[in-house]
Protein chains: 2
Amino acid sequence: MSTPARGGTAALAPRDQPPGSRERLFGIGVAAARAGVSERALRYYQQLGLITPSGRTPGGLRRYSQDDLARVARIRQLQTLLGLNLDEIAVVLRNEDRLAEIRLAYHRQLTSDADRRELLRESLTLQQDLRVTVEAKRSAIEGFLADLDARIARTRSLL
Amino acid sequence: MSTPARGGTAALAPRDQPPGSRERLFGIGVAAARAGVSERALRYYQQLGLITPSGRTPGGLRRYSQDDLARVARIRQLQTLLGLNLDEIAVVLRNEDRLAEIRLAYHRQLTSDADRRELLRESLTLQQDLRVTVEAKRSAIEGFLADLDARIARTRSLL
DNA sequence: CCAAGACATGACGTTAACGTCAAGGTCAGA
DNA sequence: TCTGACCTTGACGTTAACGTCATGTCTTGG
(Lines give C-alpha, C1' and ligand atoms only; values in the text may rest on other atoms or scores of the structure.)
Protein backbone atom coordinates (compact mmCIF):
# COMPACT_ATOMS: atom_id res chain seq x y z
CA MET A 1 0.00 0.00 0.00
CA SER A 2 1.82 3.11 -1.18
CA THR A 3 0.37 6.45 -0.23
CA PRO A 4 -0.86 7.91 -3.51
CA ALA A 5 1.13 11.00 -4.45
CA ARG A 6 -1.02 14.06 -4.01
CA GLY A 7 -1.49 15.98 -7.20
CA GLY A 8 0.05 13.21 -9.24
CA THR A 9 -2.10 11.69 -11.96
CA ALA A 10 -5.19 13.48 -10.78
CA ALA A 11 -7.23 12.86 -13.89
CA LEU A 12 -9.65 10.43 -12.29
CA ALA A 13 -9.36 11.58 -8.71
CA PRO A 14 -12.58 13.05 -7.35
CA ARG A 15 -12.10 16.77 -7.27
CA ASP A 16 -12.24 18.26 -3.83
CA GLN A 17 -14.55 21.05 -4.88
CA PRO A 18 -16.05 21.24 -8.34
CA PRO A 19 -15.53 24.99 -8.83
CA GLY A 20 -19.16 25.69 -9.63
CA SER A 21 -21.13 23.85 -6.97
CA ARG A 22 -19.63 24.61 -3.59
CA GLU A 23 -20.24 21.11 -2.10
CA ARG A 24 -19.35 21.19 1.54
CA LEU A 25 -17.91 17.89 2.69
CA PHE A 26 -17.80 16.80 6.31
CA GLY A 27 -15.57 14.52 8.26
CA ILE A 28 -17.20 11.53 9.88
CA GLY A 29 -17.44 13.28 13.23
CA VAL A 30 -19.43 16.23 11.95
CA ALA A 31 -21.43 14.04 9.61
CA ALA A 32 -22.44 11.72 12.43
CA ALA A 33 -23.43 14.63 14.62
CA ARG A 34 -25.53 16.20 11.88
CA ALA A 35 -27.19 12.93 11.02
CA GLY A 36 -27.84 12.15 14.64
CA VAL A 37 -26.10 8.81 14.58
CA SER A 38 -22.75 7.53 15.82
CA GLU A 39 -19.58 7.33 13.78
CA ARG A 40 -19.68 3.61 14.32
CA ALA A 41 -23.13 3.48 12.76
CA LEU A 42 -21.90 5.33 9.67
CA ARG A 43 -19.02 2.88 9.24
CA TYR A 44 -21.39 0.00 9.83
CA TYR A 45 -23.85 1.25 7.23
CA GLN A 46 -21.00 1.52 4.81
CA GLN A 47 -19.88 -1.99 5.62
CA LEU A 48 -23.36 -3.21 4.73
CA GLY A 49 -23.26 -1.25 1.49
CA LEU A 50 -25.95 1.23 2.48
CA ILE A 51 -23.82 4.28 1.97
CA THR A 52 -20.44 5.20 0.61
CA PRO A 53 -19.03 8.56 1.59
CA SER A 54 -18.83 10.54 -1.61
CA GLY A 55 -15.15 11.13 -1.09
CA ARG A 56 -11.99 10.34 0.78
CA THR A 57 -9.05 12.56 1.49
CA PRO A 58 -5.77 11.45 -0.08
CA GLY A 59 -4.94 10.10 3.35
CA GLY A 60 -8.06 7.97 3.45
CA LEU A 61 -10.39 9.98 5.68
CA ARG A 62 -14.08 9.73 4.78
CA ARG A 63 -15.79 12.82 3.43
CA TYR A 64 -19.56 13.04 3.53
CA SER A 65 -21.68 15.30 1.34
CA GLN A 66 -25.14 16.73 1.99
CA ASP A 67 -26.59 13.99 -0.16
CA ASP A 68 -24.84 11.44 1.98
CA LEU A 69 -26.48 12.93 5.05
CA ALA A 70 -29.85 12.82 3.34
CA ARG A 71 -29.24 9.18 2.63
CA VAL A 72 -28.50 8.51 6.26
CA ALA A 73 -31.70 10.30 7.19
CA ARG A 74 -33.53 8.05 4.78
CA ILE A 75 -32.00 5.00 6.40
CA ARG A 76 -33.10 6.15 9.84
CA GLN A 77 -36.55 6.89 8.51
CA LEU A 78 -36.97 3.44 7.04
CA GLN A 79 -35.63 2.00 10.25
CA THR A 80 -37.68 3.82 12.85
CA LEU A 81 -40.78 4.62 10.88
CA LEU A 82 -41.31 1.37 9.04
CA GLY A 83 -39.32 -0.92 11.25
CA LEU A 84 -37.29 -2.34 8.39
CA ASN A 85 -33.98 -3.96 9.20
CA LEU A 86 -30.81 -2.91 7.45
CA ASP A 87 -30.97 -5.69 4.90
CA GLU A 88 -34.46 -4.70 3.86
CA ILE A 89 -33.38 -1.09 3.76
CA ALA A 90 -30.56 -2.06 1.45
CA VAL A 91 -33.11 -3.41 -1.01
CA VAL A 92 -35.17 -0.24 -0.92
CA LEU A 93 -32.14 1.97 -1.36
CA ARG A 94 -30.76 -0.10 -4.20
CA ASN A 95 -34.05 0.26 -5.95
CA GLU A 96 -34.09 4.00 -5.47
CA ASP A 97 -30.55 4.20 -6.74
CA ARG A 98 -31.42 2.29 -9.85
CA LEU A 99 -34.34 4.56 -10.51
CA ALA A 100 -32.05 7.54 -10.29
CA GLU A 101 -29.69 5.91 -12.76
CA ILE A 102 -32.52 5.15 -15.08
CA ARG A 103 -33.59 8.75 -14.97
CA LEU A 104 -30.12 9.79 -15.97
CA ALA A 105 -29.93 7.20 -18.70
CA TYR A 106 -33.31 8.33 -19.86
CA HIS A 107 -32.08 11.81 -20.59
CA ARG A 108 -28.77 10.77 -22.07
CA GLN A 109 -30.18 7.79 -23.88
CA LEU A 110 -27.33 5.57 -22.88
CA THR A 111 -29.35 2.40 -22.72
CA SER A 112 -31.69 0.80 -25.15
CA ASP A 113 -35.32 1.69 -25.00
CA ALA A 114 -36.31 -1.88 -24.14
CA ASP A 115 -33.82 -2.09 -21.31
CA ARG A 116 -35.09 1.09 -19.73
CA ARG A 117 -38.69 0.03 -19.90
CA GLU A 118 -37.77 -3.24 -18.31
CA LEU A 119 -35.91 -1.59 -15.46
CA LEU A 120 -38.66 0.94 -15.00
CA ARG A 121 -41.28 -1.75 -14.66
CA GLU A 122 -39.16 -3.58 -12.15
CA SER A 123 -38.60 -0.48 -10.06
CA LEU A 124 -42.25 0.43 -10.24
CA THR A 125 -43.19 -2.95 -8.90
CA LEU A 126 -40.81 -2.61 -5.99
CA GLN A 127 -42.17 0.82 -5.18
CA GLN A 128 -45.69 -0.44 -5.27
CA ASP A 129 -44.80 -3.30 -2.98
CA LEU A 130 -43.38 -0.84 -0.54
CA ARG A 131 -46.47 1.29 -0.87
CA VAL A 132 -48.67 -1.64 0.09
CA THR A 133 -46.81 -2.27 3.32
CA VAL A 134 -46.72 1.40 4.17
CA GLU A 135 -50.40 1.81 3.48
CA ALA A 136 -51.15 -1.17 5.69
CA LYS A 137 -49.13 0.37 8.43
CA ARG A 138 -50.89 3.68 8.02
CA SER A 139 -54.36 2.22 8.35
CA ALA A 140 -53.26 0.13 11.29
CA ILE A 141 -51.95 3.20 13.04
CA GLU A 142 -55.10 5.07 12.22
CA GLY A 143 -57.11 2.32 13.87
CA PHE A 144 -54.82 2.35 16.83
CA LEU A 145 -55.22 6.07 17.19
CA ALA A 146 -58.99 5.94 16.95
CA ASP A 147 -59.06 3.27 19.60
CA LEU A 148 -56.77 5.30 21.80
CA ASP A 149 -58.96 8.36 21.39
CA ALA A 150 -61.96 6.36 22.43
CA ARG A 151 -60.15 5.20 25.53
CA ILE A 152 -59.13 8.72 26.33
CA ALA A 153 -62.70 9.91 25.94
CA ARG A 154 -63.91 7.19 28.27
CA THR A 155 -61.27 8.09 30.81
CA ARG A 156 -62.25 11.74 30.57
CA SER A 157 -65.87 10.90 31.10
CA LEU A 158 -64.97 9.42 34.47
CA LEU A 159 -63.58 12.71 35.70
CA MET B 1 -41.63 -24.73 47.85
CA SER B 2 -44.33 -27.28 48.65
CA THR B 3 -46.78 -28.23 45.97
CA PRO B 4 -50.03 -26.62 47.05
CA ALA B 5 -52.55 -29.26 48.04
CA ARG B 6 -55.23 -29.45 45.39
CA GLY B 7 -58.69 -28.77 46.70
CA GLY B 8 -57.32 -27.51 50.02
CA THR B 9 -58.36 -24.04 51.05
CA ALA B 10 -59.81 -23.21 47.68
CA ALA B 11 -61.60 -20.05 48.79
CA LEU B 12 -59.33 -17.68 46.87
CA ALA B 13 -58.14 -20.00 44.14
CA PRO B 14 -59.22 -18.93 40.66
CA ARG B 15 -62.03 -21.22 39.65
CA ASP B 16 -61.27 -23.35 36.63
CA GLN B 17 -64.51 -22.56 34.87
CA PRO B 18 -66.97 -20.07 36.30
CA PRO B 19 -70.09 -22.14 35.56
CA GLY B 20 -71.79 -19.38 33.62
CA SER B 21 -69.14 -18.14 31.19
CA ARG B 22 -67.63 -21.10 29.42
CA GLU B 23 -64.05 -19.73 29.30
CA ARG B 24 -61.95 -21.94 27.09
CA LEU B 25 -58.38 -22.18 28.30
CA PHE B 26 -55.48 -23.21 26.10
CA GLY B 27 -52.16 -24.83 26.74
CA ILE B 28 -49.08 -22.85 25.82
CA GLY B 29 -48.72 -24.68 22.51
CA VAL B 30 -52.16 -23.78 21.23
CA ALA B 31 -51.99 -20.31 22.73
CA ALA B 32 -48.69 -19.60 21.01
CA ALA B 33 -50.04 -20.85 17.69
CA ARG B 34 -53.16 -18.72 17.96
CA ALA B 35 -51.23 -15.65 18.99
CA GLY B 36 -48.71 -16.17 16.23
CA VAL B 37 -45.73 -16.19 18.55
CA SER B 38 -43.45 -18.87 19.95
CA GLU B 39 -43.90 -20.62 23.26
CA ARG B 40 -40.58 -19.19 24.27
CA ALA B 41 -41.89 -15.70 23.60
CA LEU B 42 -44.89 -16.30 25.85
CA ARG B 43 -42.67 -17.48 28.68
CA TYR B 44 -40.37 -14.56 28.08
CA TYR B 45 -43.21 -12.06 28.19
CA GLN B 46 -44.32 -13.59 31.43
CA GLN B 47 -40.82 -13.35 32.80
CA LEU B 48 -40.86 -9.64 32.06
CA GLY B 49 -44.23 -9.30 33.73
CA LEU B 50 -46.13 -8.49 30.57
CA ILE B 51 -48.60 -11.33 30.92
CA THR B 52 -49.54 -13.99 33.40
CA PRO B 53 -51.53 -16.93 32.14
CA SER B 54 -54.89 -16.69 33.85
CA GLY B 55 -54.50 -20.18 35.23
CA ARG B 56 -52.30 -23.17 35.85
CA THR B 57 -53.26 -26.80 36.08
CA PRO B 58 -52.69 -28.41 39.47
CA GLY B 59 -49.56 -29.85 37.94
CA GLY B 60 -48.24 -26.44 36.95
CA LEU B 61 -49.06 -26.22 33.26
CA ARG B 62 -49.93 -22.74 32.00
CA ARG B 63 -53.49 -22.09 30.85
CA TYR B 64 -54.22 -19.11 28.65
CA SER B 65 -57.62 -17.48 28.24
CA GLN B 66 -58.98 -15.49 25.32
CA ASP B 67 -58.17 -12.31 27.20
CA ASP B 68 -54.61 -13.49 27.55
CA LEU B 69 -54.41 -13.96 23.81
CA ALA B 70 -55.81 -10.49 23.28
CA ARG B 71 -53.12 -9.19 25.55
CA VAL B 72 -50.45 -10.91 23.52
CA ALA B 73 -51.92 -9.39 20.40
CA ARG B 74 -51.70 -6.02 22.06
CA ILE B 75 -48.05 -6.62 22.88
CA ARG B 76 -47.28 -7.51 19.29
CA GLN B 77 -49.16 -4.47 18.09
CA LEU B 78 -47.22 -2.12 20.30
CA GLN B 79 -44.06 -3.86 19.22
CA THR B 80 -44.43 -3.93 15.47
CA LEU B 81 -46.68 -0.96 14.92
CA LEU B 82 -45.13 1.55 17.26
CA GLY B 83 -41.70 0.03 17.59
CA LEU B 84 -41.78 0.04 21.37
CA ASN B 85 -39.48 -2.31 23.22
CA LEU B 86 -40.80 -4.68 25.83
CA ASP B 87 -39.94 -2.40 28.72
CA GLU B 88 -41.89 0.45 27.19
CA ILE B 89 -44.73 -1.91 26.45
CA ALA B 90 -44.76 -2.92 30.09
CA VAL B 91 -45.41 0.69 31.04
CA VAL B 92 -48.29 1.01 28.62
CA LEU B 93 -49.86 -2.24 29.74
CA ARG B 94 -49.50 -1.43 33.39
CA ASN B 95 -51.28 1.83 32.76
CA GLU B 96 -54.10 0.10 30.93
CA ASP B 97 -54.40 -2.41 33.73
CA ARG B 98 -54.66 0.29 36.29
CA LEU B 99 -57.35 2.02 34.30
CA ALA B 100 -59.33 -1.19 34.26
CA GLU B 101 -58.94 -1.50 38.01
CA ILE B 102 -60.03 2.04 38.48
CA ARG B 103 -63.12 1.37 36.43
CA LEU B 104 -63.94 -1.53 38.69
CA ALA B 105 -63.25 0.46 41.80
CA TYR B 106 -65.39 3.20 40.38
CA HIS B 107 -68.45 1.02 40.29
CA ARG B 108 -67.84 -0.68 43.59
CA GLN B 109 -66.61 2.43 45.35
CA LEU B 110 -63.74 0.63 47.00
CA THR B 111 -61.38 3.57 46.96
CA SER B 112 -61.81 7.10 48.06
CA ASP B 113 -63.04 9.64 45.60
CA ALA B 114 -59.83 11.60 45.82
CA ASP B 115 -57.69 8.54 45.17
CA ARG B 116 -59.66 7.63 42.10
CA ARG B 117 -59.44 11.10 40.64
CA GLU B 118 -55.73 11.11 41.25
CA LEU B 119 -55.24 7.79 39.51
CA LEU B 120 -57.49 8.81 36.68
CA ARG B 121 -55.51 11.96 36.05
CA GLU B 122 -52.28 10.01 36.06
CA SER B 123 -53.59 7.45 33.61
CA LEU B 124 -55.02 10.12 31.41
CA THR B 125 -51.66 11.81 31.21
CA LEU B 126 -49.98 8.57 30.21
CA GLN B 127 -52.55 7.95 27.54
CA GLN B 128 -52.14 11.42 26.18
CA ASP B 129 -48.39 10.99 26.09
CA LEU B 130 -48.86 7.85 24.09
CA ARG B 131 -51.27 9.65 21.83
CA VAL B 132 -48.69 12.29 21.06
CA THR B 133 -46.11 9.78 19.93
CA VAL B 134 -48.65 7.84 17.90
CA GLU B 135 -49.93 10.97 16.25
CA ALA B 136 -46.38 11.96 15.38
CA LYS B 137 -45.84 8.59 13.84
CA ARG B 138 -49.05 8.84 11.89
CA SER B 139 -48.22 12.16 10.32
CA ALA B 140 -44.70 10.98 9.56
CA ILE B 141 -46.07 7.94 7.78
CA GLU B 142 -48.55 10.09 5.95
CA GLY B 143 -45.70 12.23 4.70
CA PHE B 144 -43.73 9.18 3.72
CA LEU B 145 -46.67 7.82 1.80
CA ALA B 146 -47.28 11.09 -0.01
CA ASP B 147 -43.66 11.20 -1.01
CA LEU B 148 -43.77 7.63 -2.16
CA ASP B 149 -46.86 8.31 -4.24
CA ALA B 150 -45.12 11.22 -5.87
CA ARG B 151 -42.19 8.99 -6.76
CA ILE B 152 -44.50 6.37 -8.15
CA ALA B 153 -46.24 8.97 -10.25
CA ARG B 154 -42.93 10.19 -11.62
CA THR B 155 -41.88 6.66 -12.40
CA ARG B 156 -45.16 6.02 -14.16
CA SER B 157 -44.78 9.13 -16.24
CA LEU B 158 -41.58 7.70 -17.66
CA LEU B 159 -43.39 4.73 -19.07
C1' DC C 1 7.83 21.37 11.46
C1' DC C 2 5.22 19.46 15.25
C1' DA C 3 1.74 18.53 18.70
C1' DA C 4 -3.20 17.70 19.28
C1' DG C 5 -7.15 16.21 17.71
C1' DA C 6 -9.80 13.71 14.35
C1' DC C 7 -9.86 9.48 11.94
C1' DA C 8 -8.82 4.42 10.07
C1' DT C 9 -8.98 -0.38 10.82
C1' DG C 10 -9.41 -4.40 13.31
C1' DA C 11 -11.23 -7.04 17.12
C1' DC C 12 -13.83 -8.03 20.94
C1' DG C 13 -18.02 -6.64 23.99
C1' DT C 14 -23.07 -5.63 24.69
C1' DT C 15 -28.14 -5.72 24.64
C1' DA C 16 -32.76 -7.13 23.39
C1' DA C 17 -35.58 -10.71 22.11
C1' DC C 18 -35.86 -14.55 21.63
C1' DG C 19 -33.95 -19.91 19.87
C1' DT C 20 -32.48 -24.31 21.33
C1' DC C 21 -31.27 -28.11 24.10
C1' DA C 22 -31.32 -31.06 28.29
C1' DA C 23 -33.47 -33.38 31.98
C1' DG C 24 -37.13 -34.18 33.70
C1' DG C 25 -42.72 -33.60 35.19
C1' DT C 26 -47.99 -33.75 33.59
C1' DC C 27 -52.00 -35.27 31.37
C1' DA C 28 -55.43 -37.63 28.46
C1' DG C 29 -56.70 -41.60 26.26
C1' DA C 30 -56.46 -46.76 25.31
C1' DT D 1 -52.06 -48.12 34.51
C1' DC D 2 -49.17 -46.73 31.14
C1' DT D 3 -47.56 -44.46 27.05
C1' DG D 4 -46.83 -40.59 24.07
C1' DA D 5 -47.55 -35.91 23.47
C1' DC D 6 -47.25 -31.76 25.85
C1' DC D 7 -45.17 -29.03 29.22
C1' DT D 8 -41.79 -27.38 33.02
C1' DT D 9 -37.47 -24.87 34.50
C1' DG D 10 -32.68 -23.86 33.68
C1' DA D 11 -28.99 -22.82 31.01
C1' DC D 12 -26.51 -21.71 27.18
C1' DG D 13 -26.62 -20.05 22.08
C1' DT D 14 -27.85 -16.61 18.39
C1' DT D 15 -28.59 -12.40 15.67
C1' DA D 16 -28.87 -7.52 14.59
C1' DA D 17 -27.06 -3.21 15.38
C1' DC D 18 -24.19 -1.21 17.06
C1' DG D 19 -20.49 0.21 21.53
C1' DT D 20 -15.88 0.22 22.94
C1' DC D 21 -11.21 -0.35 23.06
C1' DA D 22 -6.37 -0.59 20.98
C1' DT D 23 -3.09 0.82 17.86
C1' DG D 24 -1.51 3.36 14.28
C1' DT D 25 -2.33 7.34 10.62
C1' DC D 26 -3.94 12.08 8.89
C1' DT D 27 -4.58 16.74 9.15
C1' DT D 28 -4.11 21.33 10.64
C1' DG D 29 -3.12 25.41 13.43
C1' DG D 30 0.76 27.69 15.63
Side-chain angles (χ1 to χ4, degrees), chain A residues 1-7 13 16-17 24-64 68 72 75-91 93, chain B residues 1-7 16 24-64 68 72 75-91 93:
Chain A
M1 315 325 189
S2 62
T3 32
R6 330 177 266 123
D16 282 316
Q17 281 103 313
R24 272 184 237 291
L25 297 182
F26 314 104
I28 195 174
V30 177
R34 296 215 178 188
V37 303
S38 66
E39 303 182 11
R40 178 65 168 98
L42 288 182
R43 296 200 189 94
Y44 184 58
Y45 295 160
Q46 181 178 357
Q47 189 178 325
L48 296 190
L50 299 183
I51 42 168
T52 308
S54 41
R56 292 257 188 170
T57 68
L61 302 198
R62 277 166 259 250
R63 294 286 106 140
Y64 293 88
D68 293 336
V72 175
I75 292 172
R76 296 290 298 155
Q77 185 184 38
L78 293 166
Q79 221 181 2
T80 69
L81 203 59
L82 300 191
L84 303 185
N85 64 38
L86 296 183
D87 282 1
E88 294 165 334
I89 291 175
V91 173
L93 290 184
Chain B
M1 314 330 189
S2 63
T3 31
R6 343 175 254 123
D16 283 314
R24 273 184 236 293
L25 297 182
F26 315 104
I28 196 174
V30 176
R34 296 214 179 188
V37 304
S38 67
E39 304 181 11
R40 180 65 169 96
L42 288 182
R43 298 199 189 94
Y44 185 57
Y45 295 161
Q46 180 178 355
Q47 190 178 327
L48 297 190
L50 299 183
I51 42 168
T52 308
S54 40
R56 291 257 190 170
T57 67
L61 302 197
R62 277 166 258 248
R63 294 288 104 139
Y64 293 88
D68 293 338
V72 175
I75 292 173
R76 296 289 299 153
Q77 186 184 37
L78 292 166
Q79 219 181 3
T80 68
L81 203 60
L82 299 191
L84 303 186
N85 64 38
L86 296 184
D87 283 2
E88 294 164 335
I89 291 175
V91 173
L93 290 185

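Residue numbers begin at 1 in each chain, while the letters A, B, ... track the order of the sequences. As a basis for the values below, the full set of heavy atoms in this structure was taken, side chains included, without hydrogen atoms, waters or symmetry mates.
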So do [Y] and [X] actually touch side chain to side chain, heavy atoms under 4.5 Å?
| X | Y | value |
| --- | --- | --- |
| B:Val72 | B:Tyr64 | no |
| A:Arg43 | A:Ile28 | yes |
| B:Tyr44 | B:Leu86 | yes |
| A:Arg56 | A:Arg62 | yes |

task = Using modelled atom types only, decide if a donor and an acceptor are shared between the side chain of A:Asp68 and the backbone of A:Ser54 within a distance under 3.5 Å.
result =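 Yes; at least one donor-acceptor contact below 3.5 Å.
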message = Does C:dC7 have OP1 or OP2 under 4.0 Å away from a side-chain N or O of A:Thr57?
response =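 For C:dC7, OP1/OP2 do not have a side-chain N/O of A:Thr57 under 4.0 Å.
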query = Under 4.0 Å between a side-chain N/O of A:Arg43 and OP1 or OP2 of C:dT9, yes or no?
reply =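 No, because none of the side-chain N or O atoms of A:Arg43 sits under 4.0 Å from OP1 or OP2 of C:dT9.
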I need the [atom1]-[atom2] distance between [X] and [N], as an integer number of Å.
| X | N | atom1 | atom2 | result |
| --- | --- | --- | --- | --- |
| A:Leu25 | D:dT27 | CG | P | 14 Å |
| A:Leu61 | D:dT27 | CG | P | 5 Å |
| A:Arg56 | C:dA8 | CZ | C1' | 8 Å |
| B:Gln46 | D:dC7 | CD | P | 14 Å |

message = Here's a test of your reading of the structure: between A:Gly59 and B:Gly29, which maps to the more 5' nucleotide of DNA chain D?
response =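 Its nucleotide being nearer the 5' end, the pick is B:Gly29.
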task = Indicate the atoms forming the closest heavy-atom contact of B:Ile89 with B:Ile75, along with that distance.
result =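 For B:Ile89 versus B:Ile75, the nearest heavy atoms are CD1-O, 3.6 Å.
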Identify each atom pair where a protein N or O and an N or O of nucleotides 16-19 of chain C are less than 3.5 Å apart, giving names and distance.
residue	atom	partner	partner atom	Å
C:dA17	OP1	B:Leu86	N	3.2
C:dC18	OP2	B:Tyr45	OH	3.0
C:dC18	OP2	B:Gln79	NE2	2.8
C:dG19	OP2	B:Ser38	OG	2.4
C:dG19	N7	B:Arg40	NE	3.2
C:dG19	O6	B:Arg40	NH2	3.0

